[in-house]
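This report refers to the structure that appears directly beneath it.
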Amino acid sequence: MNPTRPTATERARAAGPCLGCLLAGAAILLAVIASFLYLGIDFRALAARESLASMAKFVAEFFPPDLSPDFLAKTAWGALQTLAVSALGTLLAMLGGAALALPASGRFGPALRHASRLALNLLRSVPELVWAALMVLAAGLGPFAGVLALALHTSGVFGRLFGETLENVPPTPERALRDAGSGAVAAFAYGSLPLAWPQWLAYALYRWEMNIRMAAVLGFVGAGGLGQMLYFHLSLFQQAQSATVIGAMFVLVFIVDTASGRLRRGLVPAHA
């Protein structure tokens, strides 16, 4: 009578703990401890009475916020400008990312694949604030610089995500259309794009949420919107007005997060 073959769990239990897992866990733990020691982080100073009193005094200066009709109207206009900068920057990034995703997915040969991936790495490795500083020098102060900064950085992000989605799309529908005599563009448009588009749109909505927050931050370098208002009023120690601007940022992000979350849940995921 042949003995019963052990199950996968029994074989793993008999083999003992994973040596590689233990070494990786120990390395991560040592890295965390070394980071705390190197940075000299002292949580006791953060929780000290003087620190807590200073933070409480600073926060108290933001209340009550400025709710005068004139300033609320000004803040609403800044919020609308921030929303427009993030939306237009994300839209331009979708176009740029899609254009770079095609060669990055290897559709035009290895040479263009490596060149486009290098370009994508360059675009997304430069932070939005650095792009914004460069665009302010090129296009001047205002929302246009913020739009360009978001579009450049996010194009690198979208190109990587869109390209990976195309690589995971089943090639059978597009190949069948090509074998039936369809052209390359039509085969892609009707065979692969419908499978990749829902995932592309989900990525775009999620990134738009992030770009709204970043559009507010870009105002600190003169890119307009709520960020520029916040920088102005903080520089003048007008904490009541700053509190109103921060509240407008929260409301704007909450509304867009809720709306885009509902849209993403209704999308069909791309085939993997």
Side-chain angles (χ1 to χ4, degrees), residues 5-59 90 93 97 100-101 104-106 113-114 116-133 149-150 152-168 199-200 202-218 220-221 227 246 249-250 253-254 256-258 260-261 264-265 269-272:
R5 293 183 60 184
T7 63
T9 304
E10 292 173 344
R11 288 197 300 269
R13 189 176 300 165
C18 172
L19 181 59
C21 298
L22 293 177
L23 291 176
I28 293 174
L29 181 61
L30 289 176
V32 171
I33 295 175
S35 299
F36 272 95
L37 295 176
Y38 176 74
L39 296 175
I41 296 176
D42 186 7
F43 286 105
R44 291 175 299 178
L46 181 64
R49 179 179 300 176
E50 295 81 4
S51 300
L52 294 176
S54 298
M55 288 188 290
K57 180 181 178 182
F58 179 72
V59 172
T90 304
L100 289 171
S105 61
R113 182 174 186 269
H114 293 305
S116 58
R117 292 206 169 200
L118 180 62
L120 291 174
N121 288 335
L122 175 63
L123 287 172
R124 69 173 180 273
S125 64
V126 179
E128 294 96 328
L129 280 172
V130 177
W131 280 124
L150 288 179
L152 287 169
H153 178 83
T154 313
S155 291
V157 177
F158 280 161
R160 174 66 181 274
L161 296 174
F162 292 177
E164 290 182 351
T165 302
L166 285 177
E167 290 177 350
N168 293 327
Q199 191 64 51
W200 284 13
Y203 285 141
L205 289 172
Y206 178 71
R207 189 68 195 186
W208 183 32
E209 300 171 13
M210 300 177 64
N211 281 347
I212 288 178
R213 302 178 183 93
M214 185 50 60
V217 175
L218 293 183
F220 278 76
V221 294
I246 293 173
M249 289 180 179
F250 172 78
V253 170
F254 176 78
V256 174
D257 281 357
T258 303
S260 63
R264 286 200 310 271
R265 284 193 295 269
H271 291 265

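Just so it is clear, the values below take in all heavy atoms, side chains as well, and ignore hydrogens, waters and symmetry mates.
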Nearest 0.5 angstrom please: [X] [atom1] to [Y] [atom2], how far?
{"X": "Arg213", "Y": "Phe250", "atom1": "CZ", "atom2": "CZ", "answer": "10.5 Å"}
{"X": "Arg207", "Y": "His153", "atom1": "CZ", "atom2": "NE2", "answer": "4.5 Å"}
{"X": "Thr154", "Y": "Asn211", "atom1": "OG1", "atom2": "CG", "answer": "4.0 Å"}
{"X": "Arg160", "Y": "Ser105", "atom1": "CZ", "atom2": "OG", "answer": "13.0 Å"}
{"X": "Leu205", "Y": "Trp200", "atom1": "CG", "atom2": "CH2", "answer": "14.5 Å"}
{"X": "Asp257", "Y": "Met210", "atom1": "CG", "atom2": "CE", "answer": "11.0 Å"}

Practice prompt. Could you tell me which residues satisfy side chain to side chain contact (heavy atoms under 4.5 Å, CB included) with Val217, sequence neighbours excluded, listed by chain and number?
Written response: Leu129, Met214
Worksheet item: Given Thr90 and Phe158, is the side chain to side chain contact (heavy atoms under 4.5 Å, CB included) satisfied, shown in steps?
Response: CA-CA 9 Å; Thr90 304; Phe158 280 161; 4.0 Å; yes
To check you understand the geometry: which heavy-atom pair defines the closest contact between [X] and [Y], and what is its length?
{"X": "Ala149", "Y": "Glu128", "result": "CB-O, 3.9 Å"}
{"X": "Leu120", "Y": "Ser155", "result": "CD2-O, 3.7 Å"}
{"X": "Ala101", "Y": "Gly159", "result": "CB-O, 3.7 Å"}

Discussion item. With a 3.5 Å distance limit and no angle check, can you tell me whether Trp131 reaches the backbone of Leu123 through a side-chain donor-acceptor pair?
Written reply: yes
